[in-house]
Amino acid sequence: MKQLLLATPSGGAETPSNRHRMAVAATALMVQLARIDQNQDARELSTIVDCAIKALKITREEAEEILQDALAHADSATSLYEFTGILNDHLDQGHKLLLLESIWRVAYADGRIDQYEEQLIRRIADLLYLHHSEYTLARHRAEQAHQAERSPG
C-alpha cells in the first residue's frame with residue numbers, strides 16, 4: 001500500500017473521512033484475503049498493519065484501529081464491490097497496482113499461496129480494472145519483496 005492513499009481522490013478534495021474510508025476499504029480487501037483459506041494467520045494481519053503504516057505514514061496504533069474497522073466491515077460485507085467501488089472512485093491505475101502488490105504481500109506473509117488466495121486476488125484485480133500484466137507485475141514485486149525479507153543479511 002506504499003503511498004497508496006496519499007493521492008487526492010479524483011472526485012474532489014481529500015478529507016480525513018475520505019482517507020479513512022479508502023484505508024478501511026483497502027484493508028478490508030486484505031482481510032478478506034487473510035480469511036479466504038479459513039486460517040486468518042497472525043503474520044498476515046501483521047503484514048496488513050505494516051502496509052497501512054507505510055502507505056499512510058501513520059502510527060502502529062492508528063493502523064491497528066484501521067484494521068479493527070476493516071475487520072468489522074469485512075464481517076458484514078456482502079461483496080468485494082463494496083470495497084473496490086470506493087477505491088475505483090478515488091485511485092488511479094498506479095495506486096491500484098500498489099494496492100494489489102500489498103494484497104499479494106499479505107498472501108505471501110504465511111509463506112504459501114493457495115489456490116483460493118490466487119483466485120480471490122485475480123477477482124480483486126478484475127474489480128479494480130487491472131490488466132493481467134499488472135496482476136503479474138504486482139505478484140512478481142511482492143514475491144521479490146518476500147524473498148528479500150526471508151534471505152539472510
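Scope of the values below: all heavy atoms of this structure, side chains included, with no hydrogens, waters or symmetry mates.
- Residues passing the side-chain hydrogen bond (donor to acceptor under 3.5 Å, both in side chains) test with T59 are E62, sequence neighbours excluded.
- Of the possible polar contacts, none joining the E149 side chain to the H146 backbone as a donor-acceptor pair under 3.5 Å is found.
- Put simply, CZ on R19 and CD1 on I66 are 8.0 Å apart, with the number rounded to the nearest 0.5 Å.
- Counting only distance, with no hydrogens or angles, the side chain of T27 and the backbone of A23 share a donor-acceptor pair below 3.5 Å.
- Across all non-hydrogen atoms, the minimal contact from A138 to E101 is CB-N, 3.7 Å.
- Enclosure of atom CZ in R21 is not indicated, since only 12 or fewer non-hydrogen atoms of other residues, nucleotides or ligands lie within 6.0 angstrom.
- Nearest heavy atoms, E44 versus A34: OE1-O, 3.3 Å.
- In this structure, NZ on K96 lies 9.0 Å from OG1 on T84, to the nearest 0.5 angstrom.
- Side-chain atoms of L80 and L120, non-hydrogen and from C-beta on, do get closer than 4.5 Å to each other.
- L130 and L97 make their closest contact through CD2-N, 4.1 Å (heavy atoms, listed as atom of the first residue, atom of the second, distance).
- Ion pair E118/R122 not flagged as a salt bridge, since none of the NZ, NE, NH1 or NH2 atoms sits closer than 4.0 Å to an Asp/Glu carboxylate oxygen.
- Shown here for A28 and A70, the closest heavy-atom pair between the two residues is N-CB, 3.6 Å.
- The hydrophobic cluster containing L127 also contains L87, counting ILVMFWY residues as joined when their side-chain heavy atoms lie under 4.5 angstrom apart, directly or transitively.
- The distance from atom CD1 of I121 to atom CG of D126, rounded to the nearest 0.5 Å, is 12.0 Å.
- Y129 and L137 end up in different hydrophobic clusters when Ile, Leu, Val, Met, Phe, Trp and Tyr side chains are linked at under 4.5 Å.
- Rounding to the nearest 0.5 Å places CZ of R43 at 13.5 Å from CG of D50.
- Taking CG from L128 and CD from Q93, the interatomic distance works out to 8.5 Å, rounded to the nearest 0.5 Å.
- Proximity of V106 to Q32: side-chain heavy atoms (C-beta onward) are nowhere separated by under 4.5 Å.
- T136 places none of its side-chain heavy atoms less than 4.5 Å from the side chain of R139.
- Between W104 and I113 there is a side-chain heavy-atom pair separated by less than 4.5 Å.
- Counting heavy atoms from C-beta on, the side chains of R105 and Y108 never come closer than 4.5 Å.
- Distance alone, capped at 3.5 Å, is enough to place a donor-acceptor pair between the E117 side chain and the D114 backbone.
- Separation of atoms CD (E134) and CG (L100) is listed at 9.0 Å; rounding is to 0.5 Å.
- One finds no salt bridge joining R112 and D41 here, because no Lys/Arg side-chain nitrogen approaches an Asp/Glu carboxylate oxygen to under 4.0 Å.
- Counting only residues at least two apart or in different chains, ring-ring contact (aromatic ring centres under 6.0 Å, His included) contacts with residues 46-86 are absent.
- Clustering ILVMFWY residues whenever any of their side-chain heavy atoms sit less than 4.5 angstrom apart, transitively, puts L45 in the very cluster that holds M30.
- Heavy-atom neighbours of E61 CD from other residues, nucleotides or ligands within 6.0 Å: at or below the threshold of 12.
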